[in-house]
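Just so it is clear: chains get the letters A, B, ... in the order the sequence lines come, proteins before strands, and each one is counted from 1.
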There are 2 protein chains.
Amino acid sequence: MSRQLPQPSRDSINLVTLLAALADPVRLTLMQAMYSRTGPVDCSVIAEGVEVGAPTVSHHYRVLREAGLTMTTVEGRRRVVAIRYEDLEARFPGLLAAVLTPTANT
Amino acid sequence: MSRQLPQPSRDSINLVTLLAALADPVRLTLMQAMYSRTGPVDCSVIAEGVEVGAPTVSHHYRVLREAGLTMTTVEGRRRVVAIRYEDLEARFPGLLAAVLTPTANT
DNA sequence: GGGTACGTTCGATGGGTGTCAAAGCATCGG
DNA sequence: CCGATGCTTTGACACCCATCGAACGTACCC
């Protein structure tokens with residue numbers, strides 16, 4: 001079956017915490033990879049192209065989830081992750097698009 | 001006369017650096033205070049309502065400027081600061097509004 | 001059950017950062 | 001010229017954080 005990892009409620013998402021979560025090269029890369037796909041994706045798929053070890057990737061996924069950016073469900077021994085589009089759009093309209101659109105990169 | 005403190009060019013503004021600059025309570029407060037006003041404002045006016053010492057405020061202004069968020073000019077012994085609206089809008093459209101609109105707060 | 005795969009947690013380490021007190025440095029006013 | 005003002009710089013301190021190696025848990029499969 002599928003469990004659901006704990007995450008903050010929509011209303012308790014903090015802007016500073018959210019920005020701090022995005023202000024890291026690895027986490028921003030992960031978010032952009034998720035944003036370019038539609039719907040939930042396997043964690044390991046997203047983590048390709050990231051040059052850090054597995055424990056570090058796990059740490060970053062946790063930070064993203066605890067900041068309210070992502071939603072993680074456990075399916076067997078895999079983790080499936082998805083961006084919380086609706087919650088984030090309701091709370092900070094336009095933020096995701098402004099930060100994650102490919103145009104925004106160098 | 002009025003000097004102009006050094007700042008990154010529009011094209012060299014880095015998203016991660018920018019997000020890191022915004023991911024601090026004091027700096028976000030300063031940015032929101034500037035955003036609610038129109039045009040350049042005296043630094044000390046903005047810094048009211050911030051509960052840190054003068055050296056710390058100076059440090060935060062520097063971080064904002066070096067991240068490309070603000071523009072500081074020296075007028076006599078005062079500093080005048082302004083958000084770089086056009087550069088930021090050209091580089092990351094919608095970002096300022098998404099982060100600094102009062103709706104975004106708790 | 002035993003082995004393998006996938007992810008997490010723990011402990012340690014190195015670097016970065018927010019904060020302040022004290023000192024420094026221009027600038028304005030008398 | 002001299003004191004006061006406004007802000008910066010320096011040095012120090014405490015704290016947080018990204019990273020890794022090693023060990024730990026589960027879940028799948030033969």
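Distance B:Leu22 CG to C:dG18 P: 12 Å, rounded to the nearest Å. When the C1' atom of D:dC7 is taken as reference, atom CZ of B:Arg65 falls 12 Å away, rounded to whole Å. Counting to the nearest Å, the P atom of C:dT8 and the CD atom of A:Glu66 are 12 Å from each other. Rounded to an integer number of Å, the gap from A:Glu51 CD to D:dC20 P is 10 Å. Rounded to whole Å, the distance from OH on A:Tyr61 to P on D:dT19 is 14 Å. Straight-line distance from the CG atom of B:Asp24 to the P atom of D:dC17: 12 Å, rounded to whole Å. For the pair A:Arg3 CZ and C:dG7 P, the interatomic distance rounds to 14 Å; values are reported in whole Å. Note: CZ (A:Arg62) to C1' (D:dC17) measures 14 Å, nearest angstrom.
In terms of position on DNA chain C, the residue among B:His59 and A:Thr72 whose nearest nucleotide sits closer to the 5' end is A:Thr72. Where B:Pro55 and B:Val63 meet DNA chain C, the nucleotide closest to each residue was compared, and B:Val63 sits on the side nearer the 5' end.
Here the side chain of B:Arg79 is nearest to one of D:dC7, D:dT9, D:dA18, namely D:dC7. Side chain of B:Asp42, nearest nucleotide from D:dC7, D:dT19, D:dT8: D:dC7. Between D:dA18, D:dT9, D:dC20, one nucleotide has an atom nearer to the side chain of A:Val52 than all others, and that is D:dC20.
Residue A:Thr56 places at least one side-chain N or O closer than 4.0 Å to OP1 or OP2 of D:dC20. One finds a side-chain N or O of B:His60 lying less than 4.0 angstrom from the OP1 or OP2 phosphate oxygen of C:dT19. Within the structure, every side-chain polar atom (N or O) of B:Arg77 is placed at least 4.0 Å from both OP1 and OP2 of C:dC25. Close to C:dG18, at under 4.0 Å from its OP1 or OP2, lies a side-chain N or O of B:Arg27. Remark: A:Arg78 is not in phosphate contact with D:dC28, judged by side-chain N or O atoms under 4.0 Å from OP1 or OP2.
Without hydrogens or angle criteria, A:Arg78 side chain to A:Cys43 main chain gives no donor-acceptor distance under 3.5 Å.
Remark: A:Gln4 CD is packed, more than 12 non-hydrogen atoms of other residues, nucleotides or ligands lying under 6.0 Å away.
The shortest side-chain heavy-atom distance between A:Val99 and A:Leu22 falls under the 4.5 Å cut-off. Between B:Met31 and B:Thr70 the shortest side-chain heavy-atom distance falls below 4.5 Å.
Minimum interatomic distance between A:Val45 and A:Arg37 (heavy atoms only, all atoms of both residues): CG1-NH2, 4.0 Å.
Using a 4.0 Å heavy-atom criterion, one finds that B:Val57 contacts no nucleic acid atom at all.
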